[in-house]
Amino acid sequence: MGVHENIGFSDFPDQSQTSGKAVEVCFNYDSSKILPGTCVRDDLEEPFMTIIKLDDGRHVLSTECQFRVVGPCF
């Protein structure tokens with residue numbers, strides 16, 4: 001558990017344009033095995049978290065995988 005001053009009942013970090021976009025994810029730099037997903041959070045300010053929901057229902061942090069946005073980012 002934790003506490004962060006940017007996150008609260010009425011506070012949340014600003015999000016990048018990557019939030020809500022389709023992504024492709026791989027693990028351990030093995031781009032021969034790609035999983036589709038959606039970026040559900042990409043903070044532009046503290047705590048700078050990026051969270052991806054894989055299409056199989058799992059959630060991963062950007063620190064646990066490699067990913068790229070599918071299609072235009074902006």
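What you see is a predicted model; the values in this text were computed from it and never measured. We're numbering straight along the sequence, starting at 1.
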If I take atom [atom1] from residue [X] and atom [atom2] from residue [Y], how far apart are they, to the nearest 0.5 angstrom?
| X | Y | atom1 | atom2 | answer |
| --- | --- | --- | --- | --- |
| Lys21 | Arg68 | NZ | CZ | 14.0 Å |
| Gln66 | Phe27 | CD | CZ | 8.5 Å |
| Cys65 | Ile52 | SG | CD1 | 4.0 Å |

Whether the side chain of [X] engages the backbone of [Y] through a donor-acceptor N/O pair (distance < 3.5 Å, no angle test) should be reported.
| X | Y | value |
| --- | --- | --- |
| Asn28 | Asp30 | no |
| Glu24 | Pro36 | no |
| Asn6 | Glu46 | yes |

Measure across Glu45 and Asp14 and return the closest heavy-atom pair with its distance rounded to 0.1 Å.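 Answer, listing the atom of Glu45 first, then Asp14: OE2-N, 3.0 Å.
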What pair of heavy atoms forms the shortest contact from Lys33 to Cys26, and how long is it?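 The pair with the smallest heavy-atom distance is O-CB, 3.5 Å.
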Report the residue from Thr50, Asp42, Asp43 that forms a side chain to side chain donor-acceptor pair (under 3.5 Å) with Gln15.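 Only match with Gln15 under side chain to side chain donor-acceptor pair (under 3.5 Å): Asp43.
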When Ile, Leu, Val, Met, Phe, Trp and Tyr are grouped by side-chain heavy atoms lying under 4.5 Å apart, directly or through other members, which residues fall in the same group as Leu61?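 So far as hydrophobic clustering goes, Leu61 is joined with Val40, Met49, Ile51.
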Does one hydrophobic cluster hold both [X] and [Y], with members joined at side-chain heavy-atom distances below 4.5 Å?
| X | Y | value |
| --- | --- | --- |
| Leu54 | Ile34 | no |
| Phe12 | Leu44 | no |
| Leu35 | Val23 | yes |

Is the shortest heavy-atom distance from the side chain of Val60 to the side chain of Phe67 under 4.5 Å?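 Result no, sub-4.5 Å side-chain heavy-atom pair not found.
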